[in-house]
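Let me begin by presenting the structure, written as C-alpha cells, before commenting on it.
Everything numeric here is computed off the predicted structure, so don't read it as measured data. Proteins get letters first, then strands, A, B, ... in listed order; numbering begins at 1 in each.
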Protein chains: 2
Amino acid sequence: MAEEFTKEIPRARRRPNCRPALYELLSLGERELRRAFLKANSRAVEGGTSLVAPDCPSPALYRLSRGWAIRTRFFPDGRRAILGVYVMGDIVGIEHALLDHSADEVVTACAATVQPIESNALSALMTRPATAVYLAWLLSEAQRRSDSIAAALSRLEARERIAMMLLDFQQRLRQRELIIPGSYNLPLTQQQIGDYLGLTVVHVNRMLRWFRSERIAYVDKHLVIIKDLERLKLLAAGTDRRAGDSPAAATKAPPASGAPLAELAAFTRHKPNRPK
Amino acid sequence: MAEEFTKEIPRARRRPNCRPALYELLSLGERELRRAFLKANSRAVEGGTSLVAPDCPSPALYRLSRGWAIRTRFFPDGRRAILGVYVMGDIVGIEHALLDHSADEVVTACAATVQPIESNALSALMTRPATAVYLAWLLSEAQRRSDSIAAALSRLEARERIAMMLLDFQQRLRQRELIIPGSYNLPLTQQQIGDYLGLTVVHVNRMLRWFRSERIAYVDKHLVIIKDLERLKLLAAGTDRRAGDSPAAATKAPPASGAPLAELAAFTRHKPNRPK
DNA sequence: CGATTCCTTGAAGGTTGTCAACGTTGGTGG
DNA sequence: CCACCAACGTTGACAACCTTCAAGGAATCG
C-alpha cells in the first residue's frame, strides 16, 4: 500500500477556524504553492536521506508526496530530540521560508518522494501576498502541533504521550484519506519514538507492551493496530491517570468558557493565579 | 524600574538569518504593524488579566508594552502547562492572526500595559503583503522558541531546563535593552515556572535552592541574580550532566557540518538512523 | 553466516512526583 | 495596631516513574 501519491486532494474544504476575511486569500495562496510544487520534479529518495541540514545555507522547501520524515535536534553530549514528524502530504521546511538556515536536521524516516522548491524560487514566492499568507497559515498549523507536543511532554506521562502520538498520526493520515480505520503503518523505530516523546527506547518498549497487554493498541513491525479507540482517546486527553479518580472533578479547567468574556473592552480578572 | 516603555527600539538591525530577498519587505511590514500598534490606545491592566480566552471568538493581537504574560493550556484533570512566556515588547496572539480562536488562555503575570489590535483591523492588516510576511516571520521566531523548549522538555533534566529558562529570559530582556547585566525581575511564581518547564512546584523549589547553594544563580522574591554565567550556559546547553564525563566525546552530533551537503541535487544518505 | 540494527527483558538506581506540614508574606478588616 | 486569611514558599519522607546498565534474541543485508 501507500504507493506514489499524485492525485490532488481537495484540501480546501477543511480549513477549520480560519478567519473568514482571509479565506479567499488563503485558497489562492494554496493554489499558487501547489502550482510551484507541480513544476518541481519529484524525487524518490531512500530512508535516511537528509533533506535539511543544520548550518546548511538556504535550505529548500519540500512537499513530502510519499513517506515520512523527522526533524531532529542534537545536544552537544549526544542526547537528541525529534521535534517534528512529517507524514505524506506534509510540507517540510516551512520554518525556513523566512530564515535562511536551520538549527535542525530533517531526514526521511523511510523511502520517500519529495518535491523540492529551491531557495531562490522560494524567496520569490514569498514576495507574493497570497503565498505569504498561506505560508503563515501553515506556520500557525505547525505551531499548534508543537504546542500539543510541548504540553504532552510537560504534563503527560509516558503512556499518555504514546497514546497521543498514536492518535495524532492516525488522525493526520486519515485526513489524507489513506488509511483503513484503526490501522496504519508507522515507519519509526522505538528509539525515534523515544526521541519524539522524551523517553528512552527501553521505556517505549515497555509501554508498547503494556498497550498490547491492555488490548488498547498493537504496535509491532511498524504496524499500528488500534483496538480500543475510546481508551486511547481517554489516555491521550489526560483523563485516565487513575481511572478517573478526581472525586469532585475539583475545579478542573478555568470556569470552562462560562462567559465569552473577551470583548476587548471586558478584561476579566481572576485574583488567584491558579484556579487551584 | 521597568517603567512604561514607549521609546521605539531600532529593532531592524538585528534580524539574524533572514533571507536577504525578504529583508526589505520585512522591514516595511514591521513598520506597518508598529504603526497599527501606535494607533491602538494603550491599556494598563493588573496581573491575572485574561487577554485571550479559549473558545473566545476572534481574539485580538496585543503588543505587551510593559509587563509579562503567560499562555496556559489546561488538561481535563487539572494538570496544566504553560506553553509560552511573553516579556515586555513581545507580541501576543500571533498564532491567531489566521485562526479565529485559540485553544489556550493568555493572562498577564503581573501588572502590564497592552496595545490591542482588534480582530477586524487585524484581518484587514493581514491582507497587506508586507504585514503578512512580517507576521510569518514573527511566527517562525515563535516556532524557534517553541522548538527549544520542546527539546528541553524532551531531553534535559530539571536543573538544565531551569538554567535554560533563566538564560533565555535574560537574553530576551537584554535584547530589549532593559536589563542590568546579570540581574532581572521574574514575575512568575514557582508553580508557574513548574508549569512552564514540566516540573512540580516542590521540585522547582529544590532546584532553585540547588542553584543557590552552587552559587550559580539566586532566584528569590521574583528577582534573578546570575552569579556564574558560564556554568549556567553549560547547564542550559546540556553539557554538564556529570561534569563532562564523555571520555571520547564519542560521536556527538552528526558529522558536524563536515560537508555542506544540501545542494538540492546532493541528497546524502547515512545508513544508520542514529549516529549512535 | 557474520555484522549491524533493532527489539526485548531484567535488575538496580536516580530523578522526580506525591503527600503533608509548616513558615512567610501581603492584604483586609476589626 | 493586630488578628486573620489567602497565596506563596520551604522542607522532609516516601513512592513512583523512568533511566541506566547489561545482555540476549530477532530480523535484515551483503
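- D/dC18 atom C1' lies 15 Å from atom CG of A/Asp195, rounded to whole Å.
- Look at CD on A/Glu157: it is 16 Å from C1' on D/dT19, rounded to the nearest Å.
- Annotation: side chain to side chain donor-acceptor pair (under 3.5 Å) contacts of B/Tyr86 (sequence neighbours excluded): B/Arg71.
- With rounding to whole Å, A/Met207 atom CE is found 12 Å from D/dT19 atom C1'.
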Mind listing the N/O atom pairs, protein and nucleotides 9-13 of chain D, below 3.5 Å?
from: D/dG9; atom 1: OP2; to: B/Gln190; atom 2: N; distance (Å): 3.0
from: D/dT10; atom 1: OP2; to: B/Gln190; atom 2: NE2; distance (Å): 2.8
from: D/dT10; atom 1: OP2; to: B/Asn205; atom 2: ND2; distance (Å): 2.9
from: D/dT10; atom 1: O5'; to: B/Asn205; atom 2: ND2; distance (Å): 3.3
from: D/dT11; atom 1: OP2; to: B/Arg209; atom 2: NE; distance (Å): 2.6

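- Judged by distance alone, the side chains of B/Glu46 and B/Thr108 never bring a donor and an acceptor atom under 3.5 Å apart.
- In this structure, A/Lys221 places its NZ atom 13 Å from C1' of C/dT5, rounding to the nearest Å.
- Below 30°, between 30° and 60°, or above 60°: for B/Tyr184 and B/Phe169 the angle between ring planes is above 60°, a perpendicular geometry.
- In this structure, A/Arg79 places its CZ atom 13 Å from C1' of D/dT20, rounding to the nearest Å.
- Not counting sequence neighbours, the partners of A/Gln190 by the side chain to side chain donor-acceptor pair (under 3.5 Å) test are A/Asn205.
- Of the candidates D/dC18, D/dT20, C/dG17, the closest approach to any side-chain atom of A/Thr200 belongs to D/dT20.
- Looking at A/Gln191 and A/Val201, their side chains come closer than 4.5 Å, going by heavy atoms from C-beta outward.
- Between B/Leu199 atom CG and D/dC17 atom P the separation is 17 Å, expressed in whole Å.
- To the nearest 0.5 angstrom, B/Asp90 atom CG is 9.5 Å from B/Arg63 atom CZ.
- Across all strands, B/Gly198 comes closer than 4.0 Å only to sugar-phosphate atoms, never to a base (heavy-atom distances).
- When the C1' atom of D/dC14 is taken as reference, atom NE2 of B/His203 falls 14 Å away, rounded to whole Å.
- Note: CZ (A/Arg155) to P (C/dT16) measures 13 Å, nearest angstrom.
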